[in-house]
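Numbers here are sequence positions counted from 1. Note that these values count all heavy atoms, side chains included, but never hydrogens, waters or copies made by symmetry.
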Amino acid sequence: MGRIFNVSAACKPELHYMVNMDEQLKQIKAMVDQGLYFTINRARQYGKTTTLHALERLLQREYIVISLDFQMFSAADFETEKDFIENFCMEILGCAAAKDISADIRGQMEGLADGSVQNDRLSALFRCLSKWCRLSEKKIVLMIDEADSASEYRVFLDFLAQLRGYYIIREKKPIFQSVILAGVYDIKNLKNKFVEEYRMNSPWNVAADFDIDLRLREHGIAGMLADYEEDHQTGMNIQEIAGLIYDYTSGYPFLVSRICKLMDEKVYRDENEFERNKAWTKEGFLTAVRMLLTEENTLFDSLDNKLIDYPDLKQMLLELLLQGNVIEYVPGNLGIRMAAMFGFVTIENYIVNVSNRIFETRLYNGFLAEKSRHNELAQTAALEKNQFIADGRLDMELVLRKFVSYYQDIFGELQEKFLEDNGRCLFLLYIKPIINGTGNYYIEAKTRTNRRTDLIIDYCGEQHIVELKLWRGQEYNKRGEEQLTDYLDLYHAKPGYLVSFNFNKKKKVGVERLRIKDKIIFEAVV
């Protein structure tokens, strides 16, 4: 089970709404039952700590569980073996129940903890741990959260080497049933941080692969919303809201939690009134998404810092998003591996994709902001945005007509290569200030290539489907029109919008209104 969001209700204690993670926990427990050692390495705020807490509760029925957090260790605790052993033993004594450690073992650990035992080497610690595991009625599981925070310390690497050594001979010298390390970095792949003697032989190479998907599934989110609805009677369409949350977050636990909290605590709330029934609608959801995308939080701060720390990562994401390059997964590629480890991307069918719409839009917003300050098209759109809004509706036909006009005035004489690489970026630079503060947008990842991009704009509850593509001839253009009509069917929309970047010198620039089947297509050619 993983906590999703907290609700403060009048005259009631804080309520915790949960997403069911029983299946994932069963899979992890099966690994423990097999005696596997492994690392749960996932991006920041991906629910690792929540998963460990839930797993601890589950395992306590059959095992003695020692759950440590290396964030609670200071740098001084890793300076020497003696420092590490003392603090490690104190932490074990603090979290293990009295009934789980015999007086003899407890005495030995206390001696190691207070320094009264003369042998201050890891070998002494592991002889004590091995004796405990041999005498214990229950098998012992060791879990360490934020383990990668210690990866630069020699004593931690030696600690892992001891674990590895005892794992290999555990039939002769008993040791933990299972060891679980949790963190962002995969310990066995951190060779660039290892001291020289560990570069070729990771001290954690006995670890099994951890392939369990910790994302929150749509049905789990729906179950959590059903619990909430039972308490608050908002009248929400549970399946619709669960679907929207999953579509935008792809089940990233922090994003699911944050959107739910914003809908519950911020959307349609002021000093005098809170309309909870309006908050839990599609419009309320989109408002929460806008709030999320414009706020500062620890997850976004972490992602922004990674773009600064890893320029190659930033360049790859720029090429993927703004240029539509297809990036294939290549084993051993450090940039892609880092992007996946930090949660920026996922790998599907050996193709790199941004993990979810929230990350993608946040990245687009950041990249576009860097360009818009010196972009005449973006500045023009910002100054004239009011003309595109009438009675709370976005006039997309006028947006296209103005875009064509300004585009030709500003960029019409530029070379083709510049336009091919920047066409979609220029349209996004133009549309973003127009919808900013009221509308949302996202790119349909399945159709984002260097030749075609589908842009979905949500404005005051109305969706506008815009296809951006490069002109590749009349037959290719006709297929694009047909594809757009099929796409409109999926969104139950009648009008659609097509922007073609055409580099033929004899092209006819402008916006044409077409009827295809039962759809109206506004096709802009620049």
So, [X] side chain and [Y] main chain: donor-acceptor pair closer than 3.5 Å or not?
{"X": "S355", "Y": "G343", "value": "yes"}
{"X": "Q233", "Y": "E229", "value": "yes"}
{"X": "N325", "Y": "I327", "value": "no"}

Look at the aromatic rings of F427 and F403 and report parallel, tilted or perpendicular, splitting at 30° and 60°.
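Judged by the thresholds at 30° and 60°, the geometry between F427 and F403 is perpendicular.
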Do you see a donor-acceptor pair shorter than 3.5 Å between the side chains of [X] and [Y]?
{"X": "W280", "Y": "Y228", "result": "yes"}
{"X": "D148", "Y": "S151", "result": "no"}
{"X": "S500", "Y": "K469", "result": "yes"}
{"X": "R393", "Y": "Y459", "result": "no"}

Of L160, L163, N41, the residue whose pairing with L181 passes side-chain contact (heavy atoms from CB on, under 4.5 Å):
L160
Using a 4.5 Å cut-off on heavy atoms from C-beta on, say whether the side chain of [Y] contacts that of [X].
{"X": "F38", "Y": "I28", "value": "yes"}
{"X": "L322", "Y": "Y364", "value": "yes"}
{"X": "L255", "Y": "Y248", "value": "no"}
{"X": "I144", "Y": "F159", "value": "yes"}
{"X": "M338", "Y": "Y310", "value": "yes"}
{"X": "Y442", "Y": "I358", "value": "no"}
{"X": "N440", "Y": "I456", "value": "no"}
{"X": "T485", "Y": "I521", "value": "yes"}

Who pairs with [X] by side chain to side chain donor-acceptor pair (under 3.5 Å), at least two apart in sequence or on another chain?
{"X": "Y441", "result": "N365"}
{"X": "Y497", "result": "none"}
{"X": "K139", "result": "none"}
{"X": "T346", "result": "none"}

Shortest non-hydrogen contact from [X] toward [Y]:
{"X": "I238", "Y": "A226", "value": "CD1-CA, 3.7 Å"}
{"X": "L400", "Y": "V499", "value": "CG-CG2, 4.3 Å"}
{"X": "R290", "Y": "G439", "value": "CD-O, 3.5 Å"}
{"X": "A182", "Y": "L52", "value": "CB-CD1, 3.7 Å"}
{"X": "P253", "Y": "L216", "value": "CA-CD1, 3.8 Å"}
{"X": "M143", "Y": "E56", "value": "CE-CB, 3.6 Å"}

Once rounded to the nearest 0.5 Å, what's the spacing between atom [atom1] of [X] and atom [atom2] of [Y]?
{"X": "M396", "Y": "L394", "atom1": "CE", "atom2": "CG", "value": "6.0 Å"}
{"X": "T234", "Y": "I241", "atom1": "OG1", "atom2": "CD1", "value": "8.5 Å"}
{"X": "D77", "Y": "F84", "atom1": "CG", "atom2": "CZ", "value": "9.0 Å"}
{"X": "I389", "Y": "I435", "atom1": "CD1", "atom2": "CD1", "value": "9.0 Å"}
{"X": "I180", "Y": "I40", "atom1": "CD1", "atom2": "CD1", "value": "5.5 Å"}
{"X": "L321", "Y": "I443", "atom1": "CG", "atom2": "CD1", "value": "8.5 Å"}

Kindly write out the residues that satisfy salt bridge (Lys or Arg N to Asp or Glu O under 4.0 Å) with R357, not counting sequence neighbours, or none if the list is empty.
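For R357, no residue satisfies salt bridge (Lys or Arg N to Asp or Glu O under 4.0 Å) once neighbours in sequence are set aside.
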Using the salt bridge (Lys or Arg N to Asp or Glu O under 4.0 Å) criterion, which residues pair with E319? Sequence neighbours excluded.
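Testing E319 for salt bridge (Lys or Arg N to Asp or Glu O under 4.0 Å), a comparison that skips the adjacent residues, returns none.
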Using the test side-chain contact (heavy atoms from CB on, under 4.5 Å), find all partners of [X] that sit at least two apart in sequence or belong to another chain.
{"X": "R362", "answer": "L293, E296, F300, D304"}
{"X": "I351", "answer": "V326, E328, N353"}
{"X": "Q379", "answer": "none"}
{"X": "T298", "answer": "Q45"}

Please lay out, stage by stage, how E265 and R276 fare under the test salt bridge (Lys or Arg N to Asp or Glu O under 4.0 Å).
CA-CA 9 Å; E265 298 175 1; R276 181 174 272 122; over 6 Å; no
Could you check M224 against I221 for side-chain contact (heavy atoms from CB on, under 4.5 Å), going step by step and ending with a plain yes or no?
CA-CA 5 Å; M224 176 269 294; I221 298 172; 4.2 Å; yes
side-chain contact (heavy atoms from CB on, under 4.5 Å) assessment of Y167 paired with V179:
CA-CA 10 Å; Y167 175 87; V179 176; over 6 Å; no
Counting neighbours of CG on D213 that are heavy atoms of other residues, nucleotides or ligands and sit closer than 6.0 Å, is the number greater than 12?
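Result for CG/D213: enclosed.
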More than 12 foreign heavy atoms under 6.0 Å from CD of E230: is that the case here?
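Not more than 12 within 6.0 Å, no.
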Show the numbers, then the answer: is there a side-chain contact (heavy atoms from CB on, under 4.5 Å) between M31 and S178?
CA-CA 8 Å; M31 296 181 72; S178 179; over 6 Å; no
Just grab all the salt bridge (Lys or Arg N to Asp or Glu O under 4.0 Å) pairs involving residues 35-50, residues at least two apart or on different chains.
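As it turns out, the salt bridge (Lys or Arg N to Asp or Glu O under 4.0 Å) pairs with a partner in residues 35-50, which skip direct neighbours, are R44-E146.
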Please lay out, stage by stage, how N205 and R164 fare under the test side-chain contact (heavy atoms from CB on, under 4.5 Å).
CA-CA 8 Å; N205 59 12; R164 179 188 64 192; 3.2 Å; yes
Is it true that E295 and K266 make a salt bridge, defined as a side-chain N closer than 4.0 Å to a carboxylate O?
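Not counted as a salt bridge, because no side-chain N and carboxylate O are separated by less than 4.0 Å.
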For residues 63-70, tabulate all N or O donor-acceptor pairs below 3.5 Å that involve a side-chain atom, not counting sequence neighbours.
residue	atom	partner	partner atom	Å
Y63	OH	D33	OD1	2.5
D69	OD1	Q71	N	2.8

Between F73 and F78, does the ring centre distance come in under 6.0 Å?
yes
